Protein chains: 2
Amino acid sequence: MKRTKENIVYQVETEEIAKFAKALGHPTRIKILNHLDDASCCYTGDLLEVLPLAQSTISQHLKELKDAGLIQGTVDPPKIKYCINQENWIKAKALFNEFFSKNMNEISCK
Amino acid sequence: MKRTKENIVYQVETEEIAKFAKALGHPTRIKILNHLDDASCCYTGDLLEVLPLAQSTISQHLKELKDAGLIQGTVDPPKIKYCINQENWIKAKALFNEFFSKNMNEISCK
DNA sequence: TATATTAATCGTACATTTGCGATGAACTTA
DNA sequence: TAAGTTCATCGCAAATGTACGATTAATATA
């Protein structure tokens, strides 16, 4: 990557939807988000009971979701409480919604 | 990957949305799909004019979109015509739609 | 202060992704 | 048949992702 064609510039929207999609691109992270829906909030430890993965691995997935802006964590010592980041969630929802309706071209492929 | 926790089983829906999301997780592929919307169809060569990437690289991205089921190619010798795979597109749209509405939990994070 | 709990981070191993140029396969046209 | 066009695939290099155990940091409690 980034060898000769150095830093292609994409539209902001393009970058954003790709960033969200990338964060959603692993079943473990989908499961975490689904769990967050059911529970509305959760601690890292809760996920250890749901997912057969090491604590450090789950922590890493949480970090990716957090970096993408899809979740947020608040300290509740000695735990950390995670929940959906509503603002960005709405943003992502809108982006995907627009993306998928745009490409609904019925006349396609003459 | 796949070191000790060998083959976690996820729900089919979870696997599917992650698969689609992964394919959408790169700005080049988002741009290809947006281009397919504008043009309704396109050849690999068309994308060479739109994206500053090597032909082999674009071909690889097309393969990933095809493997995920989001696009399909039909031979039109000596070219190959790509367009959105309507069936799977609708499927993906529905999956994301459901996913994003599920997690709209306003009461979140007590 | 010492111990326990919780979760992030570090270091490591291996797989996958992304990019390139070169080559090969399929088909047209001269 | 030979040459040209189009695109896939191969082989390689570098970056990134996924998983683990071990360690560290922060806080609460004995």
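Everything quoted here is computed from the prediction, not taken from an experiment. In the text below, chain A, chain B and the rest are named by the order of the sequence lines, each starting its count at 1. Every heavy atom of this structure was used, including side-chain atoms; hydrogens, water molecules and symmetry mates were not.
Side-chain nitrogen and oxygen atoms of A:T44 include none within less than 4.0 Å of the OP1 or OP2 phosphate oxygen of C:dT6. Distances shown here put every side-chain N or O of A:H61 at or beyond 4.0 Å from the OP1 or OP2 atom of D:dG17.
Here the P atom of nucleotide D:dT18 and the CD1 atom of A:I30 are 12 Å apart, to the nearest Å. A straight line from OH of A:Y43 to C1' of D:dT27 spans 14 Å, rounded to a whole angstrom. Between A:K63 atom NZ and C:dA7 atom C1' the separation is 13 Å, expressed in whole Å. Distance A:Q72 CD to C:dA7 P: 17 Å, rounded to the nearest Å. In this structure, A:L65 places its CG atom 15 Å from C1' of C:dA8, rounding to the nearest Å. Residue B:I71 contributes atom CD1, which lies 12 Å from atom P of D:dC7 at whole-angstrom precision. For A:E49 and C:dA7, the CD to C1' distance is 15 Å, given to the nearest whole Å. Atom CD in A:E64 sits roughly 14 Å away from atom C1' in C:dA8 (whole-Å rounding).
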Would B:L47 and B:L62 count as a side chain to side chain contact (heavy atoms under 4.5 Å, CB included) if you check the C-alpha gap in whole Å, the side-chain angles of each, and the deciding distance to 0.1 Å? CA-CA 10 Å; B:L47 296 168; B:L62 286 169; 3.9 Å; yes
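A:W89 places none of its side-chain heavy atoms less than 4.5 Å from the side chain of A:I71.
A:S56 comes within contact range of at least one nucleobase, with a heavy-atom separation under 4.0 Å. Within 4.0 Å of B:Q55, counting heavy atoms only, lies at least one base atom of the nucleic acid. Note on B:K22: only backbone sugar-phosphate atoms sit closer than 4.0 angstrom, heavy atoms only; bases stay farther off.
Using a 4.0 Å cut-off between charged side-chain N and carboxylate O, B:E16 and B:K91 make a salt bridge.
When distances run from any side-chain atom of A:H26 to the nucleotides C:dT18, D:dC20, D:dT18, the shortest one goes to D:dT18. Comparing C:dC20, D:dC20, C:dT6 against the side chain of A:K79 picks out C:dT6 as the nearest. Of all nucleotides listed (C:dT6, C:dG19, D:dA8), D:dA8 comes nearest to the side chain of B:I80. Relative to the side chain of B:S59, the nucleotides D:dT9, C:dT9, D:dA19 differ in distance, and D:dT9 lies closest.
With hydrogens and angles ignored, no donor-acceptor pair under 3.5 angstrom links the side chain of A:Q60 to the base of C:dA8.
Among residues two or more places apart in sequence or in another chain, the side chain to side chain donor-acceptor pair (under 3.5 Å) test is passed with A:K63 by A:D67.
B:T28 and A:Y10 share a side-chain donor-acceptor pair at under 3.5 Å.
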